[in-house]
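First the structure, in the form of structure tokens, and then the observations on it.
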Amino acid sequence: RTDLPRGTFIGVYLGEVLSYEESEQRELVYEAAGAEDFYSMALSGVVVDATRKGGRVRFTNHSCAANCVTQMWTVRGRCVPALFTVCNVPGGTELTLDYAYDSQSGSKAPQRCR
């Protein structure tokens, strides 16, 4: 448990790259199988599904007072979301992102953080 200064690289959001249509079909499969949690991130034109294949960044929870942000990188011609701290984060503090949608209701409408 180490203090993380502002701007610290945490990792990249890894997973299977799907079209929006494939992602919607995949969510139906997960729901039919009784899965309660999905791990996905929408990018420019695609969705990265980290539910079955992904790294530790997929477990970053939502917060309206997020201490991390994603930056889009291009790696070998592909868009890759990378997670960085936006403030100094004391060791042992949960890392969070503003998902910009309501993860509790499942609504993809913008989250209204105040």
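Here the structure is a predicted model, which is why all the values come from computation and not from measurement. These values consider heavy atoms only, across backbone and side chains, with no hydrogens, waters or symmetry-generated copies.
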Look at the side-chain heavy atoms of Ile, Leu, Val, Met, Phe, Trp and Tyr, link any pair under 4.5 Å apart, and say whether F38 and L14 land in one connected group. no
CD of E22 to CD of Q25: how many Å apart, nearest 0.5 Å? 9.5 Å
Starting at CG of D3, measure out to OG1 of T8 and round the result to the nearest 0.5 Å. 10.0 Å
Could you check whether any side-chain heavy atom of R26 comes within less than 4.5 Å of a side-chain heavy atom of L18, counting everything from C-beta outward? yes
Indicate, with yes or no, if Y39 and V57 share a hydrophobic cluster defined by side-chain heavy-atom contacts under 4.5 Å among Ile, Leu, Val, Met, Phe, Trp and Tyr. yes
Hydrophobic cluster membership, V75 vs Y13, 4.5 Å side-chain cutoff: no
Are M72 and P81 side-chain neighbours, meaning at least one heavy-atom pair lies under 4.5 Å? yes
Could you tell me if the side chain of T74 sits less than 4.5 Å from the side chain of V80, heavy atoms only? no
Minimum heavy-atom distance between V86 and A66, given as atom pair plus value: CG2-O, 3.7 Å
Report the C-alpha separation of T60 and L83 in whole Å, then their side-chain angles, then the decisive distance to 0.1 Å, and conclude whether the side chain to side chain contact (heavy atoms under 4.5 Å, CB included) test is met. CA-CA 9 Å; T60 307; L83 188 71; 3.7 Å; yes
Any chance you could measure R58, atom CZ, to S40, atom OG, to the nearest 0.5 Å? 12.0 Å
Between CZ of F9 and OG1 of T85, what distance do you get to the nearest 0.5 Å? 11.5 Å
Closest non-hydrogen atoms of Y20 and A42, given as atom of the first, atom of the second and distance, are OH-CB, 4.0 Å
E94 side chain near N61 side chain, heavy-atom distance below 4.5 Å: yes
Might you point out which heavy atoms bring R52 and Y30 nearest each other, and give the distance in Å? NE-OH, 3.4 Å
Are L4 and I10 side-chain neighbours, meaning at least one heavy-atom pair lies under 4.5 Å? yes
Minimum heavy-atom distance L95-V89, with the two atoms named: CD2-CG1, 4.0 Å
Give me the atom names and distance for the closest heavy-atom approach of A65 to T96. O-OG1, 4.1 Å
Work out which heavy atom in L97 is nearest to a heavy atom in T70; give both atom names and the distance. CD2-N, 4.0 Å
I'd like to know whether the aromatic ring centres of F84 and W73 sit less than 6.0 Å apart in this structure. yes
In Å and rounded to the nearest 0.5 Å, what is the SG to CG distance from C68 to D98? 12.0 Å
Hey, are the side chains of N67 and T93 touching, using non-hydrogen atoms and a 4.5 Å cut-off? yes
